[in-house]
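Everything below concerns the one structure shown next.
Every heavy atom of this structure was used, including side-chain atoms; hydrogens, water molecules and symmetry mates were not.
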Amino acid sequence: MDGVTKTRIQKMLPLLNEKQRRMYLATEVESIGYGGLQAVHELTGMSKTTIIKGKKDLQQNNPPKETRIRKTGGGRKPITQKHQTLKTQIEKILENNTAGNPEKTLLWTTKSLRNIAQTLKTQGITVSHDTIGNVLKDMGYSLQQNQKMLQTGQAHPDRNQQFEHINQTVNEFLSQSQPVISVDTKKKELIENFKNNGAEYHKSKDPHKVLDHDFPIKELDKVAPYGVYDIARNEGFVNLGLSHDTSEFAVASILRWWQTLGVNTYPNASKIYITSDNGGSNGSRLRLWKKQLQEFANISGLSVVVSHFPPGTSKWNKIEHKMFCYISKNWRGVPLISVETVIALISNTTTFKGLRIVCIRDNRCYALGTKVSDEEIAQLNLERNKFHGDWNYTIHPK
């Protein structure tokens, strides 16, 4: 075979599909003559049998019109066809390791893919864990995390109606360009070199060393992040308290948000809608919460419309899955060694959908056990909604 022929073959082969390659090489073998089959085989690595098959394709008087490269039925058979009892055997393995509602089509397994593959191997079936994952998906299985969906105790009969009321009110305020915020306190965090769940990248075999116990140390700080989430702007604000999580602290955090961000964002606002949990420092039964909201209304000049989520449904509060969850992801695996570290981690929390968070430190001391008398409650400019006035009410400025 001369150099010109070699160059031509090497340039042509990458441009052809499987069938065209064997037919083209068959023509080159014919043009070379004696020894051509061996020469082409050594140059391209294509088997002699395949080249001979290409020669037979060329000799067909009526080549097939179909565009298929391989004949029907060619190629590797699906694993479930090769091992027709595969799904049944996997189900038997998972029989005592499957959780979920039997009435639903989606199931999940607590058995790892590699364990299933190892068990199948002992039964004479060798299959990769990736293939088992694909088979499980076809069978309606998926990886699942624990989900907080079961309410402790009896669900309130007006739970769904309260959700509808909140949704309707949110839409009304947004259509009027009035501020709508979701508020809550994130769980308190210990400030020290304690282990923080999760992982971050480090040099191999060089993890961050932390204290071997997570017991609180009295002389060290503990922070209470109170969050305000602006639903319309996908913007968050965290007032990082170093004192007690009280109603005074909660409303002071809302006021700091208003003075820092809200008043500039909503210069024409006449009212504000606040959605919160039914417990904690912003619970519906707390007198101090309402008294402090009255002070906020007086300072801001806004009518404060408040709705509380029914008991046991705090996970539906927007701030939980629109802001707090991303803060937790951002600092996972990072020891919260100082207040400045917490502020930096919260302030640098972002999402692909444009979430931004402002975090500031609150050095004020908020006292526990503040009492609010009946006379002080009677002086509030409070208007209760006709539907569940204990959950839905408006506090007007005086």
Side-chain angles (χ1 to χ4, degrees), residues 1-94 105-109 111-143 199 201-206 352:
M1 184 188 302
D2 57 52
V4 175
T5 303
K6 287 183 179 180
T7 302
R8 182 174 64 246
I9 292 175
Q10 290 171 342
K11 287 184 177 180
M12 284 294 299
L13 282 185
L15 306 177
L16 306 176
N17 62 34
E18 182 180 333
K19 183 175 182 180
Q20 291 168 343
R21 283 198 297 271
R22 66 176 180 254
M23 294 175 69
Y24 166 68
L25 292 178
T27 61
E28 291 289 352
V29 168
E30 289 184 355
S31 65
I32 294 172
Y34 180 79
L37 181 61
Q38 181 65 28
V40 170
H41 164 67
E42 292 176 353
L43 176 66
T44 64
M46 183 174 288
S47 72
K48 297 178 182 179
T49 303
T50 301
I51 299 174
I52 293 172
K53 185 177 180 182
K55 184 177 181 180
K56 293 180 180 178
D57 291 337
L58 289 172
Q59 293 173 347
Q60 288 182 349
N61 295 326
N62 297 312
K65 297 181 180 180
E66 60 182 16
T67 57
R68 294 181 61 92
I69 297 173
R70 298 182 179 182
K71 65 180 180 180
T72 304
R76 183 182 296 178
K77 302 297 184 292
I79 190 68
T80 51
Q81 183 176 337
K82 181 179 179 181
H83 301 287
Q84 296 183 359
T85 62
L86 179 63
K87 289 185 177 181
T88 303
Q89 289 178 271
I90 291 178
E91 284 182 339
K92 288 181 179 179
I93 295 171
L94 298 177
T105 58
L106 187 64
L107 304 173
W108 60 94
T109 175
K111 194 88 170 177
S112 74
L113 299 181
R114 286 178 172 81
N115 286 343
I116 296 173
Q118 188 63 33
T119 305
L120 287 173
K121 190 173 183 179
T122 62
Q123 299 174 4
I125 298 179
T126 301
V127 60
S128 71
H129 66 276
D130 289 329
T131 301
I132 292 175
N134 295 331
V135 174
L136 284 173
K137 186 176 180 180
D138 292 339
M139 293 168 62
Y141 286 80
S142 70
L143 288 174
Y201 281 100
H202 275 280
K203 288 287 186 179
S204 297
K205 299 182 181 179
D206 184 28
F352 288 114

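In this structure, M23 CE and N17 CG are separated by 10.0 Å, a value rounded to the nearest 0.5 Å. Note: Q118 CD to I132 CD1 = 10.0 Å, rounded to the nearest 0.5 Å. Atom NZ of K82 sits about 11.0 Å away from atom CG of L86, to the nearest 0.5 Å.
In this view, T50 and R22, M46, S47 satisfy the side-chain contact (heavy atoms from CB on, under 4.5 Å) rule, not counting sequence neighbours. Residues forming a side chain to side chain donor-acceptor pair (under 3.5 Å) with K48 (at least two apart in sequence, or on another chain): Q38. Considering only residues two or more places apart in sequence or on other chains, L13 meets the side-chain contact (heavy atoms from CB on, under 4.5 Å) condition with I9, R21, Y24, L25, T44.
Atom CZ of R8 has more than 12 neighbouring heavy atoms from other residues, nucleotides or ligands inside a 6.0 Å radius. Around NZ of K121, the count of heavy atoms belonging to other residues, nucleotides or ligands within 6.0 Å does not exceed 12.
For the side chain to side chain contact (heavy atoms under 4.5 Å, CB included) with Q89, the qualifying choice from T119, I116, I125 is I125, the only one to do so.
Side-chain polar atoms of T131 and S128 form a donor-acceptor pair below 3.5 angstrom.
Scanning both residues, A26 and L58, for their nearest heavy atoms gives CB-CD1, 3.9 Å. Closest approach of V127 to A117, counting heavy atoms only: O-CB, 3.7 Å.
Looking at L43 and M1, their side chains come closer than 4.5 Å, going by heavy atoms from C-beta outward.
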